[in-house]
Amino acid sequence: MSMPRILICGDLKFAHKELRELFNNLAEVVTLSSSIRSRADFLIEFEAGGKFAGTVGIYRRNISKERIGIFDKELIKALTTAGVRWIAQNGAGYDEIDVAECKLRGIGLSNTPRVVDDATATAALYLIISCLRHFSLAERSLQLSQWKTLVSPGMAHDVTNRTLCILGLGGIGLRLAHLAHAFPMRIFYHSRTPPATPSPDCASALTSTSMSLGSAIPPWCTYVPSVKELCELADVLSIHVPLVPETIGLVGKAEISAMKKGSVLINTARGKVVDENAMIDALETGHLSSVGLDVFPSEPSVNPRLLAFPQAVLLPHIGGETYETEYERELCALRNLRDFLRDGRGTNLVPELRE
């Protein structure tokens, strides 16, 4: 009897040796070749005699959408018909996969929670510091041979003793809280649920520092019962919630208007969580002094209105992109898929499918 196949949908960067070790004598590994340039090319390979025929599990990276599109209802339905039973997403976010359709069709979906916590929290901390101190603008001033003529002491503010309000105190938000507390900053938060305990299979991805902190909420983190009340307190609002239907536009005009004049908005979560037009309007009026963004609603496109604000700090969604994080993210996703093949149920099933 031939072994089942697993499909690597989006190239591995680092965990090639581990891929061979994890699936040795367990599954045949097939990859998304360069000849596949469309969804039609992709799906035809699942037919009898095709390269992907017999595939039961897929390792997925977001970059694969450039050739086959997102894993929407249509694609999930086709994959179910072809015999796919598990999708292992490389990443904590899975908003490019139709979870409801996976649930309907009986396809398992796993992600890689906690693996990106430290790298993304560090990116958020950089954005906070750069927005308050205008370091990014100062660097551009120097590179333009204008020394520091684009900045002045009156524009910059100390990080110490500022109020940081964290929307979503999950793994990333909690790690940021610990980092910011060192200054110290005053920490307030709003979150629907307490932080979850790290998954054993992904625990190796955590730094020794973050592992020692655990998932308990420290006493110096003060809970605020609503998003609007949180915004009213913020010198800096940092967003760390997943993109689900309930969080689209969660930070809208009312919430931004509730923030203090001259405050800062940081987003390393997903662009659509924030009403972009309301945010830009607040920058134009000076209600927001700056924004620090690593995510945008229509990535990789960036609203040209944002580029008109030299004080804005904009990154091309690199918050979780370090060698250590990417390696551990690949390994975690592969282990999730291995567990499905070996045990019949993968690790790190997404919350919507745990019911």
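Throughout, numbering of the chain's residues begins at 1 and tracks the sequence.
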Practice task
Please step through side chain to side chain contact (heavy atoms under 4.5 Å, CB included) for the pair Tyr59 and Asn336, ending with a clear verdict.
Solution key: CA-CA 9 Å; Tyr59 164 96; Asn336 291 340; over 6 Å; no
Problem - Residue of the set Lys253, Arg305, His287 for which side chain to side chain donor-acceptor pair (under 3.5 Å) holds with Asp281 - result: Arg305
Problem - Spacing of OG belonging to Ser33 relative to CD belonging to Glu45, to within rounding of 0.5 Å - result: 6.5 Å
Handout entry: Sole residue of Ile58, Leu337, Thr31 in side chain to side chain contact (heavy atoms under 4.5 Å, CB included) with Ile8
Key = Thr31
Problem - salt_bridge(Glu326, Arg329) N-O dist < 4.0 Å - result: yes
Exercise for the section: Using a strict cut-off of less than 4.0 Å between a Lys/Arg side-chain nitrogen and an Asp/Glu carboxylate oxygen, indicate whether Lys260 and Asp235 qualify as a salt bridge. Expected result: yes
Practice task
Applying salt bridge (Lys or Arg N to Asp or Glu O under 4.0 Å), name anything that partners Glu352, two or more places apart in sequence or on another chain.
Solution key: none
Problem - Derivation and outcome, side chain to side chain contact (heavy atoms under 4.5 Å, CB included), residues Leu306 and Ile280 - result: CA-CA 7 Å; Leu306 277 172; Ile280 293 174; 3.9 Å; yes
Handout entry: Atom CG of Leu142: over 12 foreign heavy atoms under 6.0 Å
Key = yes
Practice task
Quick one: pull up CG in Leu265 and SG in Cys165 and give me the separation to the nearest 0.5 Å.
Solution key: 11.5 Å
Handout entry: Which atom of His240 lies closest to which atom of Leu176, heavy atoms considered
Key = NE2-CD2, 3.4 Å
Handout entry: Cluster check Leu237, Val313: I/L/V/M/F/W/Y, side chain < 4.5 angstrom
Key = no
Problem - Distance (rounded to the nearest 0.5 Å) between Arg114 CZ and Glu328 CD - result: 15.5 Å
Exercise for the section: Answer yes if the ring centres of Tyr94 and Phe71 are under 6.0 angstrom apart, and no otherwise. Expected result: no
Handout entry: Shared hydrophobic cluster for Phe188 and Ile166 (ILVMFWY, side-chain gaps under 4.5 Å)
Key = no
Practice task
Decide yes or no on side chain to side chain contact (heavy atoms under 4.5 Å, CB included) for Leu22 and Leu26, but give the supporting numbers first.
Solution key: CA-CA 8 Å; Leu22 286 168; Leu26 189 61; over 6 Å; no
Practice task
Indicate yes or no: does Arg60 engage Glu96 in a salt bridge with an N to O separation below 4.0 Å.
Solution key: yes
Exercise for the section: Determine whether Leu288 and Leu250 fall in the same hydrophobic cluster, where Ile, Leu, Val, Met, Phe, Trp and Tyr are linked whenever their side-chain heavy atoms lie under 4.5 Å apart. Expected result: yes
Handout entry: Nearest heavy-atom neighbours spanning Tyr189 and Cys221
Key = CE2-O, 3.8 Å
Exercise for the section: Might you confirm whether atom CZ of Arg345 has over 12 heavy atoms from other residues, nucleotides or ligands at distances under 6.0 Å? Expected result: no
Exercise for the section: Begin from the C-alpha positions of Ile36 and Lys51 and carry the test side chain to side chain contact (heavy atoms under 4.5 Å, CB included) through to its verdict. Expected result: CA-CA 11 Å; Ile36 294 174; Lys51 184 180 178 182; 5.8 Å; no
Problem - Nearest heavy atoms of Ser35 and Asp41, plus distance in Å - result: O-OD2, 3.8 Å
Practice task
If the plane angle is over 60° it's perpendicular, under 30° parallel, otherwise tilted; pick one for Phe14 and Tyr323.
Solution key: perpendicular
Practice task
Supply the atom-to-atom distance Arg175 CZ to Leu125 CG, rounded to the nearest 0.5 angstrom.
Solution key: 9.5 Å
Practice task
Treat each ILVMFWY residue as a node, draw an edge where side-chain heavy atoms are under 4.5 Å apart, and state whether Ile70 and Phe42 are in one component.
Solution key: no
Exercise for the section: Treat each ILVMFWY residue as a node, draw an edge where side-chain heavy atoms are under 4.5 Å apart, and state whether Ile256 and Val224 are in one component. Expected result: yes
Practice task
Look up atom CD1 in Ile248 and atom CG in Asp275, then write down how far apart they are to the nearest 0.5 Å.
Solution key: 12.0 Å
